[in-house]
Visitor: 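For reference, the structure I am asking about is given below.
Treat the numbers as computed from the prediction; the structure is a model and nothing was measured.
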Amino acid sequence: MLDQIHLLAAVTVLGVLEQAYFFLQVIYARREFGISPPKISGPPAFERIFRAQVNSSEYFPIFLALLWQAGLFFHQGLAAALGLLYLYARYCYFTGYRASSSERLTPIYFSTGVLWILVAASALGILHFFLSHYMGLNILQLLTA
């Protein structure tokens, strides 16, 4: 079974490390700008870093759920590759947002597109499972016939 999930696990660990990096960037920004918790406002440079981290954290559970569903029900390799693209886009989003709020737009649109592809792969994989498991229909055999 581990050979069926090792790529998903590796992407998950990378995602957790990326989230930790984003958290650390907020800590460093708090020190740099002298903003103690629980304050969340300050100079625009701090607020952009803070918002980039919070936005990334908000999407992380959605990403993980879709990564694992697409990997388990559709294809592990494709899901892992899409996961790496998503993490790269999120990194670009974070660094872009840090520089300027307008620099976040292209990476956020790209990462959202990756999430939608993961949604589609998950839905197709789960639909295929239900049809084959409960109705005895194998869509792949029907398509190749």
Side-chain angles (χ1 to χ4, degrees), residues 1-134 137-140 143-144:
M1 167 145 166
L2 291 178
D3 62 330
Q4 297 172 354
I5 62 170
H6 66 284
L7 297 176
L8 302 174
V11 172
T12 299
V13 170
L14 287 174
V16 169
L17 291 173
E18 182 178 67
Q19 289 298 306
Y21 172 77
F22 295 160
F23 292 138
L24 288 173
Q25 296 309 300
V26 172
I27 291 170
Y28 298 149
R30 283 188 180 281
R31 290 178 185 158
E32 178 182 346
F33 295 107
I35 299 171
S36 299
K39 288 184 183 178
I40 58 171
S41 62
F46 169 76
E47 290 183 7
R48 287 193 308 269
I49 292 169
F50 182 79
R51 285 304 317 156
Q53 181 269 318
V54 170
N55 289 346
S56 295
S57 294
E58 290 169 346
Y59 274 87
F60 194 61
I62 296 167
F63 163 68
L64 286 179
L66 292 172
L67 172 73
W68 281 86
Q69 287 177 143
L72 293 174
F73 288 98
F74 193 79
H75 190 275
Q76 177 188 203
L78 176 65
L82 289 168
L84 290 175
L85 279 176
Y86 176 83
L87 294 177
Y88 176 71
R90 271 293 159 172
Y91 177 78
C92 292
Y93 166 81
F94 187 89
T95 57
Y97 206 167
R98 168 187 271 166
S100 163
S101 60
S102 63
E103 294 293 318
R104 78 190 195 289
L105 296 177
T106 300
I108 195 70
Y109 294 146
F110 184 78
S111 65
T112 302
V114 172
L115 284 180
W116 279 111
I117 295 169
L118 285 170
V119 166
S122 298
L124 287 172
I126 292 168
L127 177 64
H128 177 262
F129 175 80
F130 280 128
L131 289 176
S132 64
H133 189 74
Y134 293 109
L137 295 173
N138 189 330
I139 296 173
L140 298 177
L143 291 176
T144 58

Visitor: Hey, could you give me the CG/CG distance between Leu7 and Leu78, rounded to the nearest 0.5 Å?
Guide: 11.5 Å

Visitor: Is the ring pair Tyr86/Phe63 parallel, tilted or perpendicular, if the boundaries are 30 and 60 degrees?
Guide: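 Geometry flag for Phe63 against Tyr86: parallel rings.
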
Visitor: Please name the pair of heavy atoms, one in Glu58 and one in Ile62, separated by the smallest distance, quoted to 0.1 Å.
Guide: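 Minimum heavy-atom separation between Glu58 and Ile62: O-CD1, 4.3 Å.
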
Visitor: Looking at the rings of Phe130 and Tyr134, which for Trp means the six-membered one, are their centres under 6.0 Å apart?
Guide: yes

Visitor: Looking at every heavy atom in both Ala45 and Phe33, which two are closest together, and how far apart are they?
Guide: CB-CZ, 3.6 Å

Visitor: Does a sphere of radius 6.0 Å around CZ in Phe23 hold more than 12 heavy atoms from other residues, nucleotides or ligands, not counting ones at 6.0 Å or beyond?
Guide: yes

Visitor: Within the 4.5 Å heavy-atom criterion, are Ser111 and Ile108 side-chain neighbours or not?
Guide: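 Side-chain contact under 4.5 Å: yes.
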
Visitor: Can you name the nearest heavy-atom pair linking Phe74 to Gly125, along with the distance?
Guide: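 Answer, listing the atom of Phe74 first, then Gly125: CD1-N, 4.0 Å.
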
Visitor: side-chain contact (heavy atoms from CB on, under 4.5 Å) with Ser122: which residues, sequence neighbours excluded?
Guide: Leu66, Gln69, Ala70

Visitor: Tell me, do Ile49 and Phe94 make a side-chain contact under 4.5 Å, heavy atoms counted?
Guide: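 Result yes, sub-4.5 Å side-chain heavy-atom pair found.
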
Visitor: Quick check: are there more than 12 heavy atoms from other residues, nucleotides or ligands sitting under 6.0 Å from CZ of Phe60?
Guide: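 Buried by this count: over 12 neighbours within 6.0 Å.
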
Visitor: By ring-ring contact (aromatic ring centres under 6.0 Å, His included), which residues pair with Phe73, not counting sequence neighbours?
Guide: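 Per chain and number, Phe73 pairs via ring-ring contact (aromatic ring centres under 6.0 Å, His included) with Phe129.
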
Visitor: Decide side-chain contact (heavy atoms from CB on, under 4.5 Å) for Tyr109 and Leu105; before the verdict, give the C-alpha distance in whole Å, the side-chain angles of both, and the deciding distance to 0.1 Å.
Guide: CA-CA 6 Å; Tyr109 294 146; Leu105 296 177; 4.1 Å; yes

Visitor: Can you establish whether the number of heavy atoms outside Ile40 located under 6.0 Å from its atom CD1 is more than 12?
Guide: no

Visitor: Pick out which of Gln53, Gln25, Glu103 makes a side chain to side chain donor-acceptor pair (under 3.5 Å) with Arg98.
Guide: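 The residue from Gln53, Gln25, Glu103 that satisfies side chain to side chain donor-acceptor pair (under 3.5 Å) with Arg98 turns out to be Gln25.
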
Visitor: Examine distances only and state if a side-chain atom of Gln76 and a backbone atom of His6 form a donor-acceptor pair shorter than 3.5 Å.
Guide: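 Side chain of Gln76 to backbone of His6: a pair is present.
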
Visitor: Any side-chain heavy-atom pair from Thr12 and Trp68 closer than 4.5 angstrom?
Guide: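 Yes, side chains in contact.
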
Visitor: Drop me the distance from Leu67's CG to Leu84's CG, to the nearest 0.5 angstrom.
Guide: 9.0 Å

Visitor: Mind checking whether Leu24 and Tyr28 have side chains closer than 4.5 Å, heavy atoms only?
Guide: yes

Visitor: Is atom OH of Tyr88 surrounded by more than 12 heavy atoms (other residues, nucleotides or ligands) closer than 6.0 Å?
Guide: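 Atom OH in Tyr88 is not packed in, count stays at 12 or less.
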
Visitor: Closer than 3.5 angstrom, by distance alone: can the side chain of Arg104 be matched with the main-chain N or O of Ser101 as a donor-acceptor pair?
Guide: yes

Visitor: Check the side chains of Gln19 and Ser57 for a donor-acceptor pair under 3.5 angstrom, ignoring hydrogens and angles.
Guide: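 The criterion, which ignores hydrogens and geometry beyond distance, is satisfied for Gln19 and Ser57.
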
Visitor: Do the side chains of Leu87 and Tyr91 get nearer than 4.5 Å, heavy atoms only?
Guide: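 No; the side chains remain at least 4.5 Å from each other.
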
Visitor: Can you tell if the side chain of Arg30 reaches within under 4.5 Å of the side chain of Phe50, non-hydrogen atoms only?
Guide: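 Arg30 reaches Phe50 side chain to side chain.
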
Visitor: So, taking the atom named CG in Leu115 and the one named CZ in Phe110, what distance separates them when rounded to the nearest 0.5 Å?
Guide: 11.0 Å

Visitor: Just verifying a value: how many Å separate Leu137 CG and His128 NE2, rounded to the nearest 0.5 Å?
Guide: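 If I round to the nearest 0.5 Å, the distance is 9.5 Å.
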
Visitor: Atom CZ in Arg31, atom CZ in Phe46: separation rounded to 0.5 Å?
Guide: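 Separation between the atoms: 12.5 Å.
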
Visitor: Taking the side chain as every heavy atom from C-beta outward, state whether Thr95 and Pro107 have any pair of such atoms under 4.5 Å apart.
Guide: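 Result no, sub-4.5 Å side-chain heavy-atom pair not found.
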
Visitor: Check for me whether Arg90 meets the cation-pi criterion with Tyr93, that is, NZ or CZ under 6.0 Å from the six-membered ring centre and within 45 degrees of the ring axis.
Guide: yes

